[in-house]
Amino acid sequence: MKTIVLEYISKKFDDQYTFDLQGYLTYQDFCTNMKQINQGIKNVPLPRYQHYLVSLLWLLWMGSACLFYLVAMHDAPLWLLITLPAVMVILSVSFIAYYQRRLYKFEAATIEACVQLNEAESMRGIEYRLLRNKYHCLQPTCSWFFLVGMQSCYEVQITFDDRYDQRYSKDFVCVPLYPTTECPIIVDEKLVQEFGHAADEKIALFAA
């Protein structure tokens, strides 16, 4: 079994062909398959600026807590005390729902692309899988790690089963500079006869 792992970087999975793939997957097949995966997630990439958004959310919660304390100390109306935390809860729930939806769509699109490739490559013993934090992601799930500033690491794993003898040759193909087969020589019998008669006449003249 041979395994190749391609990391998710800059809105796509790494599609750089490496020497580890030689003998297992041709350059054309690799580019075609990775293009299919990256095209599938093109419209549903992972959310960007996660750390900034999470930090901003925590700052808003801290600021609202301080503001709530000041308002409560000055005997503010009850509706104001209820409105402030309600707004923060709505903002937090909206952010979490948005982030989880983006994660779900990204994982679902990647898994679907891998399943489609496996249907075509299973006969050659090649399998594509989505990894989330080094573990196989069989179906889209919800993750709460982003709330503490942690972001999941996504990778595509390509596994080659050695039981399938589908490897192509890695030997270089040498193209000869000259043709290896001999060209047939066409002999004109009429010219040979004329040349023979001329030679006989010259020999007769020298003999006389």
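Computed over heavy atoms, backbone and side chain alike; hydrogens, waters and symmetry mates excluded.
- Here the OH-CZ distance, from Tyr98 to Arg102, works out to 4.0 Å after rounding to the nearest 0.5 Å.
- Contact annotation: the side chain of Trp61 never approaches that of Cys66 to less than 4.5 Å [non-hydrogen atoms, C-beta and beyond].
- Summarising the geometry, atom NZ belonging to Lys12 is positioned 11.5 Å from atom CG belonging to Leu6; distances are rounded to the nearest 0.5 Å.
- Thr26 and Asp29 share a donor-acceptor pair across their side chains, judged by distance under 3.5 Å alone.
- Phe13 and Phe106 have parallel rings, their planes meeting at less than 30° on a 0 to 90° scale where 60° marks the start of perpendicular.
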- [ ] Kindly determine whether Lys134 and Glu155 satisfy salt bridge (Lys or Arg N to Asp or Glu O under 4.0 Å), including the steps that lead there.
- [x] CA-CA 8 Å; Lys134 306 300 181 181; Glu155 299 168 321; 3.0 Å; yes

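- In the hydrophobic clustering of ILVMFWY residues, with side-chain heavy atoms under 4.5 Å counting as a link, Ile158 and Tyr17 come out together.
- Here CG of Leu138 is found 11.0 Å from SG of Cys114. Values are rounded to the nearest 0.5 Å.
- Side-chain contact between Lys2 and Asp20 is present, with heavy atoms from C-beta onward closer than 4.5 Å.
- Counting heavy-atom neighbours within 6.0 Å of Lys42 NZ, excluding the residue itself, gives a total of 12 or less.
- With rounding to the nearest 0.5 Å, the separation of OG1 in Thr32 from CG in Asp15 is 11.5 Å.
- Under the 3.5 Å distance criterion, with hydrogens and angles disregarded, a donor-acceptor pair is assigned to the side chains of Tyr154 and Glu107.
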